[in-house]
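Reading through the structure tokens given below for one structure.
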Amino acid sequence: MRMKGNGSMSPVPLLEIRNLHVRLEDEPSVEILKGIDLKIMPGEVHSIMGPNGSGKSTLAQVLAGKEDYEIVEGQILFKGQDLSDLGPDERANSGIFLAFQYPVEIPGVSAMQFLKAAVNAKRAFEGQGELDAGALLRHFRAKALQINVPFEMLKRNVNEGFSGGEKKRFEIFQMAVLDSVLGILDESDSGLDIDALRIVSEGVNSMRDGTRSFLLITHYQRLLNYIVPDRVHVLIGGRIVKSGGKDLALELEEHGYAPFGVNESAVASA
Amino acid sequence: MTSVMDQPVGILTHEPAPAPAWVQAFRTRARDGLSGLPTVRDEAWRFTNIAPLVGTNFVTESASQRQVTPGDVAELRVPELDAAVLVFVDGQYNPGLSDTRNLGAGVVCTTMEAAFERHAQLVQAHLGAASAEHDDPFTRLNDAMLSAGVFLYVPDGVATARPIEILSIATRTAEPVAAHPRNLIVVGKGAGATVLEHYVALDHGVVYLNNAVTELIAGDGSRVEHYLLERESEQAFNISTLAIRQGAEAVVHSHTVLLGGAIVRNNVVPVLAGERGHCLINGLYVGHGDQHLDNAMRVRHAAAQCESRQYYKGIMNDRSRGVFTGRIIVDKGAQKTDAIQTNRNMLLSDEARVNARPQLEIFADDVRCTHGATTGRVDDEAVFYFMSRGLSEPVARAMLVYAFAAEGFDRMELVPVRRLLAQEMIDKLPMARGLSIEV
Ligand SMILES: Nc1ncnc2c1ncn2[C@@H]1O[C@H](COP(=O)(O)OP(=O)(O)OP(=O)(O)O)[C@@H](O)[C@H]1O
Ligand SMILES: [Mg+2]
């Protein structure tokens, strides 16, 4: 993928969302996202918080290229390039990673086999040859150490029988293995015990290198003590109703979403 | 004879090769009991219309257009498997291509014809002991045509030193050939054997019929693993029956993979005749095009405290059709029977279909029998998950289809068989040819 040469000296955002309107492909009357604007520069960490059903996972899945949703208006630019023609696999290979809120269990495919295929798919996309088994193993071992997940996890089937916390950790590990530049973490902190939250956060922080960016979707301000965001956005009813610095999360923690004047039923029917 | 028999008479008019009087008598008895080939009006054949088979004029022998070479055999047999091999070409035994050496002390592995002469007592003692249980016209037809096939005898306490592969190769012949392979496997008390029936074709457009019956007599405490690898021409008909009679504490594993054939019927008919026996019936059928793959299980628990496990999976694409009938019969005295049956199917197209029907006949009161059948599609959420990690849609789908089948392969002890069949299954999926998988 090429960066758009735009001549100007201002750096290109890693991700730029312009006036994004999204509805369900099967139920066009339901508009879930109603004009999202968001700009994430390389190296930045942004957080999205919002009540249940406000559209956070929908935004994450749309960014990853899920087909159930239709973009009715607006644009998503990744490294300056419009993503609309790229499938989920091409987006992943370009550097977008979605850590799922609910990672899918896949009996019959070992985590090792899955990740080998994924790494080699990315290499093929970049015009490189396959990594041999030895090199892959070394790569996996190094990333397992970095993210602090047991290497044995790789011998099990993808997510099968993983505890909630193990699934979340395995997602972060996958991002490290794939060396993605944009991590969209959909509630990667939900269901984690205190130690696991710290471990996952350290894993994420270990990937922060000034160019890699993160979009953290969370319900809990606590995560943001560990991974300090540059910006916090409040998503309600499919719109970003407020953006601010990391202190905004503390405000939300204290007062909830009531000050924004939107209750659950309003979210559902808006 | 009824009118249904008009066509199959073609198959029957050729007298099988001359044989001792007791063999002739066995054939005649079967022929007299055969009233016609089944139609969809027969409950056991309700979903399988054999009209195309009945409408074909078969002969028992026909000149082949191609000599099968040792190179062909090397290519067609299971690769990297150190097995004895008995090669049949268009139904006829080919000793020059076969190798039955080094099977172990006292093991007899020879053709049926040779066994009629040299092991008459053993054959007579067991022939029909298991197949009589299978009340089916094709099995009677096989009885009536009894001649070619393999006789394996493993004495008490002996395990065969290597697996035995019965490789049936079909070539392009002047006229369609009907073969009726008949194998008799007698495994003594505490003995062990691994046998593969492997059906392949040199030419994928050839029409022929293999109507095979394998009888497996598994002695008390024996361990037997049987594989049916059905990779026929996609114009061919294959009717295979595995009739098992197993003794006390015998452990029998039956693995079936159906890949080829136009119309295929796979019968597995075990009788658990001694206490504490265990029977695993593991199968996979993978159809595409217009293939019709019918599986009929009939597991009879005739003794107490036995376990049976039926795990069958179907993967159907295009307009193919799968059938699974799983019958469990628990005799009155078979208390503490533990029988499980599952049939799961994955449809890869809108036109593919599967008919699944469990049938339980339980006459004992202290039993545990469970059964379940499901039919579904590749999970879209899983496809998206895989694609979100960079895998293309065809690869994602192929990996998920493979994953669906994987547990069936994992139950097979012979790794070379798993490899061969898993790769062949993957290659059959239209979008994933060339995907390499690890087994
Ligand atoms: N595929 C879908 N089919 C039907 N409804 C959907 C679908 N995807 C999203 N929705 C609806 O859109 C709304 C937003 O859902 P979304 O999952 O994005 O919420 P969320 O902000 O992630 O909530 P939570 O905090 O509970 O995870 C909800 O009302 C949800 O039911
Ligand atoms: Mg969500």
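Protein chains get the first letters and strands the later ones, always in sequence-line order, with residue 1 at the start of each.
Annotation: B:Glu80, atom CD; neighbour count of heavy atoms from other residues, nucleotides and ligands within 6.0 Å does not exceed 12. Annotation: A:Glu25, atom CD; neighbour count of heavy atoms from other residues, nucleotides and ligands within 6.0 Å is above 12. Enclosure of atom CZ in B:Arg309 by more than 12 non-hydrogen atoms of other residues, nucleotides or ligands within 6.0 angstrom is indicated. Crowding of B:Glu75 atom CD: a count of heavy atoms from other residues, nucleotides or ligands under 6.0 Å not exceeding 12.
Residue A:Lys66 touches chain B through both its backbone and its side chain, counting heavy-atom pairs closer than 4.5 Å. For a residue to count as touching a neighbouring chain, one of its non-hydrogen atoms must lie under 4.5 Å from one of that chain's; by this rule A:Val177 does not touch chain B.
Taking the six-membered ring where the residue is Trp, the centroids of B:Tyr385 and A:Tyr102 are separated by 6.0 Å or more.
Looking at every heavy atom in both residues, A:Ala92 comes nearest to B:Gly390 through CB-N, 3.4 Å. Nearest heavy-atom pair, A:Val109 versus B:Ala403, reported as atom, atom and distance to 0.1 Å: CG2-CB, 3.3 Å. When all heavy atoms are compared, the tightest approach of A:Phe100 to B:Ser388 is CE1-OG, 3.4 Å. The minimum heavy-atom distance between A:Ala121 and B:Leu391, with the atom names listed, is CB-CD2, 4.0 Å. Heavy atoms only, all atoms of each residue included: A:Ala99 and B:Arg389 are closest at CA-NH2, 4.4 Å.
One finds the CD atom of A:Glu105 at 11.5 Å from the CG atom of B:Asp379 (value rounded to the nearest 0.5 Å). Between B:Glu381 atom CD and A:Asp68 atom CG the span is 6.5 Å, to the nearest 0.5 Å. With rounding to the nearest 0.5 Å, the separation of CD in A:Gln61 from CZ in B:Phe384 is 5.0 Å.
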